[in-house]
Amino acid sequence: QLQASGGGLVQAGGSLRLSCAASGRIFSSHAMGWFRQAPGKEREFVATIKWGVGSRYYADPVKGRFTISRDNAKNTVYLQMNSLKPEDTAVYYCAHSRLSYSVSSWDYNSWGQGTQVTVSS
């Protein structure tokens, strides 16, 4: 099970940090990712991290502003979001994949409940 937290309301230019705690073990060959879904839009990839080595990959709209990280001991993945924009407003989901890397939601088998991020202009 994945439990996401940390969403909220922030002004444009502000920051938020999302957390996602996994109740089970995450294998080093697996990946954890963040996706988001804005109203009326499809769920889109945000960032992913390979659990063992920590390799990271970001969607273009968030590169340079968002940072994904993990704490192996706590089985927790984070998403630090800086310089937030109104277009970042969405429900953010964390997810687990048995693959080491993927930007496709189809490759993620477990999902958190989602946490709302709202950025006001």
Side-chain angles (χ1 to χ4, degrees):
Q1 275 191 328
L2 302 177
Q3 183 70 35
S5 60
L9 173 64
V10 64
Q11 288 189 332
S15 299
L16 282 174
R17 189 174 85 151
L18 307 183
S19 299
C20 176
S23 58
R25 179 184 174 184
I26 303 173
F27 290 89
S28 60
S29 59
H30 293 179
M32 292 292 292
W34 287 96
F35 291 76
R36 66 187 182 185
Q37 187 167 18
K41 295 188 176 181
E42 293 187 352
R43 190 171 298 188
E44 65 174 1
F45 168 76
V46 175
T48 186
I49 186 167
K50 185 174 180 180
W51 200 251
V53 298
S55 304
R56 309 169 191 186
Y57 185 79
Y58 299 93
D60 285 343
V62 308
K63 276 181 185 176
R65 301 187 298 120
F66 290 12
T67 302
I68 188 171
S69 62
R70 90 273 194 235
D71 185 327
N72 298 62
K74 295 182 178 180
N75 268 2
T76 299
V77 63
Y78 304 96
L79 186 68
Q80 177 66 44
M81 305 184 294
N82 298 328
S83 302
L84 283 161
K85 304 175 181 179
E87 51 263 43
D88 294 318
T89 295
V91 177
Y92 283 71
Y93 298 90
C94 61
H96 166 263
S97 174
R98 296 189 181 96
L99 302 179
S100 61
Y101 164 83
S102 178
V103 302
S104 172
S105 61
W106 292 102
D107 292 327
Y108 288 77
N109 55 290
S110 296
W111 292 82
Q113 82 283 11
T115 184
Q116 176 71 47
V117 171
T118 302
V119 185
S120 63
S121 57

Any P61 side-chain heavy atom under 4.5 Å of R36 side chain: yes
M32/I26 under side chain to side chain contact (heavy atoms under 4.5 Å, CB included): CA gap, chis, key distance, verdict: CA-CA 9 Å; M32 292 292 292; I26 303 173; 3.8 Å; yes
Nearest-0.5 Å distance, CZ of residue F45 to OG of residue S104: 10.5 Å
Euclidean distance, H96 NE2 relative to N75 CG, rounded to 0.5 Å: 9.5 Å
Heavy-atom closest pair, residues G14 and V10: CA-CG2, 3.8 Å
Candidate pair Q3 and C20, rule side chain to side chain contact (heavy atoms under 4.5 Å, CB included), full reasoning: CA-CA 5 Å; Q3 183 70 35; C20 176; over 6 Å; no
Distance, nearest 0.5 Å, that separates CZ of R17 from OH of Y78: 5.0 Å
F66 ring center near Y58 ring center (under 6.0 Å): no
Neighbour count above 12 (heavy atom, 6.0 Å) for K41 NZ: no
From Y108, Y101, W34, Y57, residue fulfilling side chain to side chain donor-acceptor pair (under 3.5 Å) relative to T48: Y108
S100 side chain near H30 side chain, heavy-atom distance below 4.5 Å: no
S55 side chain to K50 backbone, donor-acceptor under 3.5 Å: no
Test log, rule side chain to side chain contact (heavy atoms under 4.5 Å, CB included), inputs Y93 and L2: CA-CA 9 Å; Y93 298 90; L2 302 177; over 6 Å; no
S23 side chain vs Q1 backbone, donor-acceptor pair below 3.5 Å: yes
Pair Q116-T118, side chain to side chain donor-acceptor pair (under 3.5 Å): steps then yes or no: CA-CA 6 Å; Q116 176 71 47; T118 302; 3.3 Å; yes
Non-hydrogen side-chain atoms of V46 and L79 separated by less than 4.5 Å: yes
Basic-acidic side-chain contact under 4.0 Å: R98, D107: no
Shortest non-hydrogen separation from C94 to A4 and the atoms involved: SG-CB, 4.0 Å
Verdict with reasoning, Y92 to Q37, per side chain to side chain contact (heavy atoms under 4.5 Å, CB included): CA-CA 7 Å; Y92 283 71; Q37 187 167 18; over 6 Å; no
Validation row, ring centre F35 to ring centre W111 under 6.0 Å: yes
Flag side-chain contact, heavy atom, 4.5 Å: V117 against V91: no
Note, L84 side chain near Q11 side chain (heavy atom, < 4.5 Å): no
Heavy-atom closest contact (S102 atom, L99 atom, distance): CB-CD1, 4.4 Å
Side chain to side chain, T76 and R70, heavy atoms closer than 4.5 Å: no
Distance-minimising heavy-atom pair for S83 and S15: N-OG, 4.3 Å
K63 with D60: basic N within carboxylate O range, under 4.0 Å: yes
Heavy atoms from other residues, nucleotides or ligands near CD of E44 exceed 12 (cutoff 6.0 Å): yes
